[in-house]
Amino acid sequence: MTTVALKDVTKVFPDGTVAVDNINLDVNDGEFMVLLGPSGCGKSTVLRMVAGLEDPSSGAVLLDGELANDLPPRDRGIAMVFQDFALYPHMTVGDNIAFPLRLSGVEPGRRSERVTDVASALGIGDVLARKPNQLSGGQRQRVAMGRAIVRRPGLFLMDEPLSNLDSGLRAELRAEISGLVRELGVSTIYVTHDQAEALTMADRVAIMRKGVLQDVGTPTQVYGRPATLYVAAFLGSPRMNLLEASVYVHLDRYIALNLGEQSLYLPWDDIRSRAVARYHGERIVVGMRAEALTPVAPDAAGDVLQGRIRYLEHHGHESLAFLDIGATAIVVDELSGALSGPSAGGGRLRRFGRVMQRITGRGQDAAGGPPEERPGSSRISVLNDPGRHHRRPAELAVRLAPYPAVSAGHPLAISVRMDALHFFDERGDRIDVGWR
Ligand code: ATP
């Protein structure tokens, strides 16, 4: 099956919009690659360049190792499935699926054999004689998939194919599509802004922001070891708690991470201490996911933070407590709409609504203006540039059992798993501590 390589690919539209900014990405034979990012980050433009529907402004698109920049779309061995798939309304389901085969001159007997196979694989074998308006949304999407699969392409390109469907159907089709594509062994690039889709379907995920590739890896890698603050904040529900901390090194003993009114202590023999020690006297961002935090008795020893519950969110299977611990949160911009599932959109973000902070972009800023850069720096500081961002009091998301016997205003002590902390520098890059 087809392999794809993007080498230094940039797309600048005639109006000056930098939609894709110097991307390098490989899709291996048979791999399911998900392009993930918020609306407008350039995902569809990447897909359209791979399809040949858009020319790169610079850089190379290689298919099976061959330069394909000038190859017409029809010669790329590609099948595409879009969000707004259009079926021919006057044709039956069977004829819709068979259409690409008819165009390429496959003889009728062979055609109907292939259509029957594909339709039964997709669970729509019993509706082949119906017209599209006699189908449910999920069935119509399956027909669109069938029409793409039937040609046995070397590469599938799928652009938010499930976003018009309700959440139950999405989950069902998610599993079906990834199962089917893997069975067929066809290399796939799948575009979505839904992190749940990305993490459940992908072999590897490529996360984009403002045309720039932020991180690429397996779902476990990008979730467990995000390369940037942006990726850390983008993946996970509830979102990762991101706290401003000042670093103070007590040589050969420990590193104090001062979080405002309280501190955590990284033992000197922790392998990450050497990397964090370089920031002595400076501010960094400490990331902690809800799964790194466990409620404990108020007088518990160890790595414990004391907080007070600001408010609770009940999600049926669990409740989330949001704790005031006297720390400052760093809030990452542009994430609304990026999450699905419980706490989608981040309760706090929805409530307080606004934005906040620009980090690490080399493309346009969120308002569509030119990039603002500090002298001598190619990135924008997340911590030391007061004109560029807002901080707010941190509210640490902590998981509790459903409907706990506590309410807003209650004190709560939480134990912190120090080995599950993430560290980011003032530009939003991971403070690299090597593989552990
Ligand atoms: P969505 O999830 O909303 O589809 P996306 O991540 O796929 O977003 P793109 O459609 O690739 O994003 O668009 C990337 C950027 O390029 C956006 O700022 C968009 O407005 C801009 N853009 C897309 N097509 C054009 C065009 N033909 N001319 C000018 N700008 C464009």
Side-chain angles (χ1 to χ4, degrees), residues 4 6 8-25 27 32-59 61 69 73 78 80-86 141 144 155-165 167 170 173-174 177 188-202 204-216 222 228 230-231 233-235 332-340 344-345 355 358-372:
V4 181
L6 303 177
D8 303 323
V9 170
T10 290
K11 177 70 186 180
V12 184
F13 284 106
D15 65 359
T17 304
V18 183
V20 174
D21 190 355
N22 199 33
I23 278 195
N24 286 284
L25 184 67
V27 182
F32 197 109
M33 172 69 78
V34 174
L35 286 186
L36 175 68
S39 184
C41 72
K43 311 177 294 289
S44 301
T45 305
V46 169
L47 209 66
R48 290 171 61 78
M49 288 192 285
V50 174
L53 301 173
E54 210 73 75
D55 293 327
S57 308
S58 61
V61 176
N69 286 30
I78 281 170
M80 294 191 78
V81 184
F82 295 99
Q83 172 183 343
D84 302 314
F85 51 93
Q141 186 56 289
L155 177 66
F156 281 134
L157 302 178
M158 303 192 191
D159 196 346
E160 310 248 12
L162 305 181
S163 58
N164 286 342
L165 306 175
S167 63
R170 284 170 77 123
L173 276 176
R174 202 151 82 190
I177 290 177
T188 302
I189 306 179
Y190 185 104
V191 161
T192 184
H193 63 272
D194 180 340
Q195 56 145 339
E197 247 172 59
L199 294 177
T200 52
M201 296 176 88
R204 284 192 302 153
V205 187
I207 298 140
M208 291 181 66
R209 172 180 185 260
K210 293 182 186 173
V212 177
L213 195 58
Q214 295 267 312
D215 202 0
V216 188
V222 293
T228 66
Y230 180 78
V231 175
F234 197 101
L235 296 175
V332 177
D333 189 6
E334 307 151 56
L335 295 177
S336 53
L339 291 183
S340 66
V355 169
R358 322 271 184 259
I359 52 164
T360 66
R362 286 194 291 130
Q364 299 171 292
D365 73 13
E372 281 183 38

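We use all heavy atoms of the structure for the numbers below, so side chains are in, but hydrogens, waters and symmetry mates are not. Remember, it's 1-based here, ligands and their atoms both numbered in the order they're listed.
Looking only at side-chain heavy atoms (C-beta outward), Tyr190 and Leu162 come within less than 4.5 Å of each other. At a threshold of 4.5 Å between non-hydrogen side-chain atoms, the residues Leu235 and Val205 do not count as touching.
Of the possible donor and acceptor atoms, none in the side chain of Asp8 sits under 3.5 Å from a partner among the backbone N and O of Gly59. Lys43 places a side-chain N or O within 3.5 Å of a backbone atom of Gly37 that can act as its donor or acceptor partner.
At least one heavy atom of Cys41 sits under 4.0 Å from some atom of ligand 1. Close to ligand 1: Glu160, with a non-hydrogen atom less than 4.0 angstrom away.
For ligand 1 and Thr17, the ligand atoms under 4.0 Å from any heavy atom of the residue are 16 (O), 18 (O), 21 (C), 30 (N). For ligand 1, the atoms sitting less than 4.0 Å from at least one non-hydrogen atom of Ala19 are 14 (C), 15 (C), 16 (O), numbered in the order shown with element in parentheses. Taking a cut-off of under 4.0 Å to the non-hydrogen atoms of Pro38, the atoms of ligand 1 that pass are 6 (O). Taking every heavy atom of Ser44 and a limit of under 4.0 angstrom, the matching atoms of ligand 1 come to 4 (O), 5 (P), 7 (O), 10 (O), 11 (O). Close approach of ligand 1 to Gly40 is summarised as follows: ligand atoms under 4.0 Å from at least one heavy atom of the residue are 1 (P), 3 (O), 5 (P), 6 (O), 8 (O), 12 (O), 14 (C), 15 (C), 17 (C), 18 (O).
Scanning all heavy atoms of the two residues, the minimum distance from Gly52 to Pro73 falls at O-CG, 3.5 Å.
Put simply, CZ on Arg209 and CG on Asp21 are 11.5 Å apart, with the number rounded to the nearest 0.5 Å.
Looking at Thr192 and Asp194, their side chains never bring a donor and an acceptor atom within 3.5 Å of each other.
For atom 1 (P) of ligand 1, the nearest non-hydrogen atom from the set Gly211, Ser39, Ser163 belongs to Ser39.
Between Gly42 and ligand 1, at least one pair of N/O atoms sits closer than 3.5 Å.
Here Val46 has no heavy atoms under 4.0 Å from ligand 1, in either its backbone or its side chain. Both the backbone and the side chain of Thr45 come within contact range of ligand 1, each with a heavy atom under 4.0 Å.
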Practice prompt. For side-chain contact (heavy atoms from CB on, under 4.5 Å), just list the numbers for Leu199 and Leu36, CA-CA rounded to whole Å, side-chain angles, deciding distance to a tenth of an Å, and then say yes or no.
Written response: CA-CA 10 Å; Leu199 294 177; Leu36 175 68; 6.0 Å; no

